[in-house]
2 protein chains.
Amino acid sequence: MARPREFDEQQALAAAMQVFWEKGYEASSISDLTSRMGIQRPSLYAAFGGKKELFEAVLGSYAGMSLAFIERRIRSAASVREAMRVYFQGIIEGAGGSNPDLGCLCVNTMVELAPHDVIFAQFTRDYQLKLTELLQGTIEDGIRTGELSSALNPAAVARALIISAIGLSVTMKARPDRSLVENAVTEILTLLE
Amino acid sequence: MARPREFDEQQALAAAMQVFWEKGYEASSISDLTSRMGIQRPSLYAAFGGKKELFEAVLGSYAGMSLAFIERRIRSAASVREAMRVYFQGIIEGAGGSNPDLGCLCVNTMVELAPHDVIFAQFTRDYQLKLTELLQGTIEDGIRTGELSSALNPAAVARALIISAIGLSVTMKARPDRSLVENAVTEILTLLE
DNA sequence: CTCTTTCTGTACCAATCGGTATGTAATGAT
DNA sequence: ATCATTACATACCGATTGGTACAGAAAGAG
């Protein structure tokens, strides 16, 4: 119809994600974003609407990728126990191969934006809910196959594990001693017994 | 020696704490701070040095108050199990009677500032360590009195509980369904068994 | 009372903030 | 080839950012 975009929106979104992930929402300026996205300022507004809308797009993209990534890792584990171990270990080492102390973008958003904006409260709550359901399903599988005790309450355990995982993600941002968190994770995983 | 301060530094610090607690560090402007502190801009710089130094003072004050508050609550409980229950319940309801979704200022700082500033990484790590030691001592008491099993690893359990408490504090900021977190806390507290 | 010291309040600083108006270049449709 | 449409790039907008210079006011020291 007319002149086409010279940049790839997905690629620009990925670059914006890095900026927001590293600096948080407030500390990321439009100039930070455009320079890392490799686009001009008006292009950002034309393609995404504004800073907040861009962040919403980034967060949606992140949540989708993150959930898919975690689900893949969990499903490829040999047992439920190992799946959970792998999940927590991923948090310690920085899932996605990125810098560990960036944490999870959704967790960061819960802290920075959820209290001030119902949109982000709803979104991050939903993300946490989906993660919980993923773990709950995995636990139920474990009970079905006999790996886990049928006395477990899959929903409650899953919720407890996700809350712990969020706490671990936050804890990692302060660069704690590695052995301390490893021991703590081992302890947390006894919830499966 | 000369003209004395017309405002109370402790009171001004408490007001600044409210601002940082509600809005986070980056989103708090000097104007936000001075208006809530009831002082003029140059007075802030004269008394505290600058925004970052003011925040450091606020954080130190908060950590001291928070640790004392938590220790008091835990020590006044009738049993170790109830002490832990009270501790987690305080996170759910918003310790100190404040708005629950403000969370813990130290946790918020871990997320917002620890990755970018070693000062805050060190400070929040130390805060978490002190909390852990407090819980560890309480657990050891419980083992000594026979309330808790001597098979427990007090240090590991304490670390696991604090990580979960941090996760709970973050979770509350997204205003989750109350019953969900209550069940999760009950599950988390089974780490004491 | 005078002097020195330190506080308060106004007014200001350059820099940056998020967001846009505008002119030009590039494209597809006709 | 022309034209309508859209993207790009520069340059700009008022508002706000963290931080200060400076003048006047208040208080203790002598």
Side-chain angles (χ1 to χ4, degrees), chain A residues 1-60 105 108-109 112-113 115-117 119-120, chain B residues 1-60 105 108-109 112-113 115-117 119-120:
Chain A
M1 193 102 78
R3 182 176 176 182
R5 286 248 149 78
E6 290 185 5
F7 63 93
D8 177 46
E9 289 196 30
Q10 288 304 317
Q11 195 172 322
L13 210 62
M17 187 185 298
Q18 283 298 321
V19 177
F20 282 129
W21 206 349
E22 286 172 14
K23 312 184 68 165
Y25 179 79
E26 290 287 349
S28 296
S29 73
I30 304 289
S31 299
D32 290 332
L33 291 163
T34 53
S35 72
R36 287 274 286 272
M37 296 165 84
I39 68 177
Q40 242 58 35
R41 194 178 279 253
S43 297
L44 187 156
Y45 284 90
F48 300 101
K51 188 185 180 185
K52 185 184 170 189
E53 291 80 5
L54 172 61
F55 185 77
E56 288 177 18
V58 161
L59 195 59
L105 183 60
N108 300 353
T109 303
E112 185 180 6
L113 301 179
H116 314 300
D117 194 320
I119 297 256
F120 295 117
Chain B
M1 191 103 82
R3 182 177 176 181
R5 283 247 151 81
E6 289 185 5
F7 61 94
D8 176 46
E9 289 197 30
Q10 287 304 317
Q11 195 172 321
L13 209 63
M17 187 185 298
Q18 282 298 321
V19 177
F20 282 128
W21 205 347
E22 285 171 15
K23 314 185 63 164
Y25 179 79
E26 291 286 350
S28 297
S29 72
I30 304 290
S31 300
D32 290 333
L33 291 163
T34 53
S35 72
R36 287 273 286 273
M37 297 166 84
I39 67 177
Q40 242 58 36
R41 194 177 278 253
S43 297
L44 188 156
Y45 284 91
F48 300 102
K51 189 184 177 183
K52 186 183 169 188
E53 291 80 5
L54 172 61
F55 186 77
E56 288 177 19
V58 160
L59 195 60
L105 183 61
N108 300 352
T109 302
E112 185 181 4
L113 300 179
H116 314 300
D117 194 321
I119 296 257
F120 295 118

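Labels below follow one simple rule: chain letters A, B, ... track the order of the sequence lines, proteins then strands, and each chain is numbered from 1.
- The ring pair (Phe, Tyr, Trp, His ring centres under 6.0 Å) analysis of residues 25-44 of chain B, with sequence neighbours excluded, yields the pairs B/Phe20-B/Tyr25, B/Tyr25-B/Phe55.
- Using a 4.5 Å cut-off on side-chain heavy atoms (C-beta onward), B/Lys23 and B/Val19 make contact.
- Residues A/Val58 and A/Phe48 fail the side-chain proximity criterion, which asks for heavy atoms closer than 4.5 Å.
- Listed by residue number, the members of residues 41-58 of chain B with any heavy atom below 4.0 angstrom from DNA chain D are B/Arg41, B/Pro42, B/Tyr45, B/Lys51.
- In this structure, CG in A/Asp8 is found 11.0 Å from CD1 in A/Ile39, a value given to the nearest 0.5 Å.
- From B/Leu105, atom CG reaches atom CH2 of B/Trp21 across 7.0 Å, with rounding to the nearest 0.5 Å.
- Once rounded to the nearest 0.5 Å, the distance linking CZ of B/Arg41 with CG of B/Leu33 reads 9.5 Å.
- Remark: B/Pro4 in residues 4-15 of chain B come within less than 4.0 Å of DNA chain D through at least one heavy atom.
- For residues 24-33 of chain B, proximity to DNA chain C is found at no residue, defined as any non-hydrogen atom under 4.0 angstrom from a strand atom.
- C/dG18 atom C1' lies 15 Å from atom CE of A/Met37, rounded to whole Å.
- Annotation for B/Ser28 and B/Gly24: closest pair OG-O, 2.6 Å, computed over non-hydrogen atoms.
- Side-chain atoms of B/Glu112 come within 3.5 Å of backbone N or O of B/Glu26 as a donor-acceptor pair.
- Screening residues 43-60 of chain A for side-chain hydrogen bond (donor to acceptor under 3.5 Å, both in side chains) gives A/Lys52-A/Asp117 as the qualifying pairs, with residues at least two apart or on separate chains.
- With rounding to the nearest 0.5 angstrom, the CG atom of A/Leu54 is 7.5 Å from the CD1 atom of A/Ile30.
- Residue A/Ser35 holds its OG atom at 10.5 Å from CD of A/Gln40, rounded to the nearest 0.5 Å.
- Within the helix from C/dC1-D/dG30 to C/dT30-D/dA1, the inter-axis angle between the opening and closing five-pair segments is 0°, rounded to 10°.
- With rounding to the nearest 0.5 angstrom, the CD atom of A/Glu22 is 12.5 Å from the CE atom of A/Met17.
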